[in-house]
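Just the heavy atoms: all of them, side chains too, but no hydrogens, waters or symmetry mates, feed the values below.
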Amino acid sequence: QAEVGKPRRNCYTLPGFDFAYGLYIQRTDGGVPEAIGHWNTVKPRTSLGQNMPRDFITMNIAALKDGYTTAHEFNLYYKAKDIRRKCDDNRLKKHPPKVPADMTYGITTRSCTPFLDILQHKYKELWMEQQRALAVTQQMEKKKTNKVRETRTTLLRKHPVPAREESFWHLPHLEKV
């Protein structure tokens, strides 16, 4: 049982002083002496012949010259004479483009922000002025478009309805009398 008033103890024991935490790799892990004393450099790999893609254009031309015309004959020709594309060494032979000496690549750096402007809240003031000017222009536009709306009463005052001519109407069956 746990002791009263005391936290529970951890039951795990730590390993001894000679224990090394982490993963031990036999061939590379020699500690500090090996890191200081030896240069473990990566040896360049000999490039295994890259499997270049097939050159179908050259194979098609050669197959036509040999007299093959059907798709089945072309497939047999592809299996018999497998021609691969040549290695593109042309890109290495090209010279780099001539660029002016004073040209720099990439995006130009932004000019640094002066600390005095930040401390004086100059950017806030500029923003506030822009907002005030925007509000004033919006109010002016609102005043221009805000005309007095015409109601039915104002329309009837301007253009009164013509008075009706009074007609004496009689019942149709009494007209012959």
Side-chain angles (χ1 to χ4, degrees), residues 2 4-8 10 12 21-23 42 44-45 47-65 68-75 77-79 82-177:
V4 178
K6 291 186 179 178
R8 201 175 228 179
N10 191 352
Y12 300 112
Y21 290 93
L23 183 65
V42 178
R45 294 180 181 174
S47 62
L48 302 171
Q50 278 187 338
N51 200 2
M52 298 299 288
R54 286 178 159 184
D55 191 2
F56 284 102
I57 297 170
T58 310
M59 285 194 288
N60 288 346
I61 293 169
L64 283 173
K65 284 181 184 174
Y68 298 112
T69 54
T70 63
H72 181 66
E73 291 174 342
F74 271 86
N75 284 332
Y77 187 82
Y78 295 157
K79 288 176 185 173
D82 189 21
I83 300 173
R84 300 288 175 162
R85 287 187 189 167
K86 302 278 190 272
C87 185
D88 293 335
D89 288 334
N90 297 348
R91 61 192 165 120
L92 299 176
K93 292 179 183 177
K94 288 182 183 177
H95 298 290
K98 292 184 179 179
V99 179
D102 59 343
M103 182 181 168
T104 56
Y105 290 98
I107 302 170
T108 56
T109 56
R110 188 171 66 98
S111 61
C112 59
T113 307
F115 280 108
L116 189 62
D117 292 345
I118 294 172
L119 292 175
Q120 292 176 346
H121 301 289
K122 191 173 187 178
Y123 297 106
K124 181 191 114 185
E125 295 299 326
L126 287 171
W127 183 80
M128 292 294 287
E129 287 175 19
Q130 289 173 354
Q131 295 303 314
R132 286 186 202 115
L134 185 65
V136 168
T137 54
Q138 285 176 351
Q139 285 177 357
M140 294 298 286
E141 287 176 10
K142 211 177 216 182
K143 284 181 183 177
K144 287 178 186 175
T145 59
N146 215 7
K147 296 179 181 176
V148 178
R149 293 192 179 181
E150 304 242 346
T151 61
R152 182 160 174 81
T153 310
T154 56
L155 282 173
L156 288 173
R157 281 185 191 151
K158 286 182 184 175
H159 310 286
V161 178
R164 278 198 213 166
E165 293 178 16
E166 196 168 325
S167 67
F168 299 103
W169 181 78
H170 302 286
L171 292 170
H173 65 277
L174 295 177
E175 290 219 5
K176 292 183 182 177
V177 175

Check: Do side-chain atoms of Arg85 reach the backbone of Met52 as a donor and acceptor pair under 3.5 angstrom?
Finding: no
Notebook entry, point to check: Is Ile57 atom CD1 crowded by more than 12 heavy atoms from other residues, nucleotides or ligands, each under 6.0 Å away?
Noted result: no
Next item on the list: Any chance you could measure Glu73, atom CD, to Leu64, atom CG, to the nearest 0.5 Å?
Entry: 10.5 Å
Next item on the list: Drop me the distance from Thr137's OG1 to Lys142's NZ, to the nearest 0.5 angstrom.
Entry: 12.0 Å
Checklist line | Pair Asn60, Tyr78: side-chain N/O donor-acceptor within cut-off below 3.5 Å | finding: yes
Item checked: Test item: Glu129 and Arg132 side chains (from C-beta on) under 4.5 Å apart, heavy atoms -> yes
Item checked: Nearest-0.5 Å distance that lies between atom OG1 in Thr70 and atom OH in Tyr77 -> 14.0 Å
Notebook entry, point to check: Which atom pair, heavy atoms only, marks the closest approach of Asp82 to Met59?
Noted result: CA-SD, 4.2 Å
Note to self: Applying side chain to side chain contact (heavy atoms under 4.5 Å, CB included) to Thr58 and Ile61, what does each step give before you reach the verdict?
What the structure shows: CA-CA 5 Å; Thr58 310; Ile61 293 169; 5.9 Å; no
Margin query: For Thr153 and Arg157: C-alpha separation, side-chain torsions, deciding distance, then whether side chain to side chain contact (heavy atoms under 4.5 Å, CB included) applies.
Written below: CA-CA 6 Å; Thr153 310; Arg157 281 185 191 151; 3.8 Å; yes
